Each structure stands twice: as C-alpha cells, then as structure tokens.
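Side-chain atoms are counted along with the backbone in the values below, which use heavy atoms only and exclude waters and symmetry mates. None of these values were measured; they are calculated from a predicted model.
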Amino acid sequence: MQRKDLISVRRAVDANIGRRVRVKSNKGRHKYSIAEGVIEQSYPSIFTVKVNVEGDTNRLVSYSYTDILTRDVQLVICE
C-alpha cells in the first residue's frame, strides 16, 4: 500500500513542475519553516524547489517524497 502512495505523491509533484508552491517543513521541537518557491526538477527519490531567500538570492532545496507522506513537509500549490 505504501508504494502506491509514494507513486501517487511523485506523480502529483511531476504534474506541478514549474508551478509556484508554498512549502512548510518541520524543523523539530514544534518549529516550522515556511518558504515559497517553484518546483524545479523531479528525481526518482527526491524533488527540488527553487526558493527565493531574502533579497534576490535563490536557493535550491531538495525534499523526498517520503517527507510528504510522513507530513514532515507540506506542499500547497499557489494560484
């Protein structure tokens, strides 16, 4: 059952490559990091998001599909 869930998460990320997303990631001890960026690439076990940091600096951050399943990372598609 978990493999099917992982495949469905990957397909959902693949379908949204190039779209703007809001990423909320769990940093532990009830701390969260919230950032907005664009889904850049999708790989077999991870995907990357280009996040705009303060000013004009862009940073490439990677997340695993398992992080979404365990709810350590939440993605929200921005309209």
In chain order, what residues pass the side-chain hydrogen bond (donor to acceptor under 3.5 Å, both in side chains) check against Asn16, with sequence neighbours excluded?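 Listed in chain order: Arg19.
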Can you list the residues that meet the side-chain hydrogen bond (donor to acceptor under 3.5 Å, both in side chains) rule with Asn58, with sequence neighbours excluded?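 Asn58: no side-chain hydrogen bond (donor to acceptor under 3.5 Å, both in side chains) contacts found.
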Qualifying residues under salt bridge (Lys or Arg N to Asp or Glu O under 4.0 Å), relative to Glu40, sequence neighbours excluded: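 Checked Glu40 against salt bridge (Lys or Arg N to Asp or Glu O under 4.0 Å); zero matches.
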Hydrophobic clustering (ILVMFWY, side-chain heavy atoms < 4.5 Å, transitive) - are [Y] and [X] grouped together?
X	Y	answer
Val13	Val23	yes
Leu69	Val76	no
Val9	Val73	yes

[X] versus [Y], closest heavy-atom pair with distance:
X	Y	result
Asn26	Tyr32	CA-CD2, 3.8 Å
Ile17	Ser42	CD1-CB, 3.8 Å
Val21	Cys78	C-SG, 3.9 Å

Is there any ring pair (Phe, Tyr, Trp, His ring centres under 6.0 Å) pair reaching into residues 53-79, and which pairs are they, with sequence neighbours excluded?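 Counting only pairs at least two positions apart or across chains, the ring pair (Phe, Tyr, Trp, His ring centres under 6.0 Å) contacts touching residues 53-79 are Phe47-Tyr63, Phe47-Tyr65.
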Name all pairs fulfilling the salt bridge (Lys or Arg N to Asp or Glu O under 4.0 Å) condition that reach into residues 22-31, sequence neighbours left out, sorted by first residue then second.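 Counting only pairs at least two positions apart or across chains, the salt bridge (Lys or Arg N to Asp or Glu O under 4.0 Å) contacts touching residues 22-31 are Arg22-Glu36.
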Between Asp67 and Ser64, does any side-chain donor sit less than 3.5 Å from a side-chain acceptor?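 The answer is yes; a qualifying pair exists.
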How long is the straight-line distance from OG1 of Thr57 back to CG of Asn52, given to the nearest 0.5 Å?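 That separation rounds to 7.5 Å.
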To the nearest 0.5 Å, what is the distance between CG on Leu75 and CD1 on Ile68?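 Reported value, rounded in 0.5 Å steps: 4.5 Å.
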Just by modelled atom types, is the Ser25 backbone N or O under 3.5 Å from a matching donor or acceptor in the Ser33 side chain?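 No, because the side chain of Ser33 does not come within donor-acceptor range (under 3.5 Å) of the backbone of Ser25.
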side-chain contact (heavy atoms from CB on, under 4.5 Å) partners of Thr70, counting only residues at least two apart: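 Thr66, Asp72.
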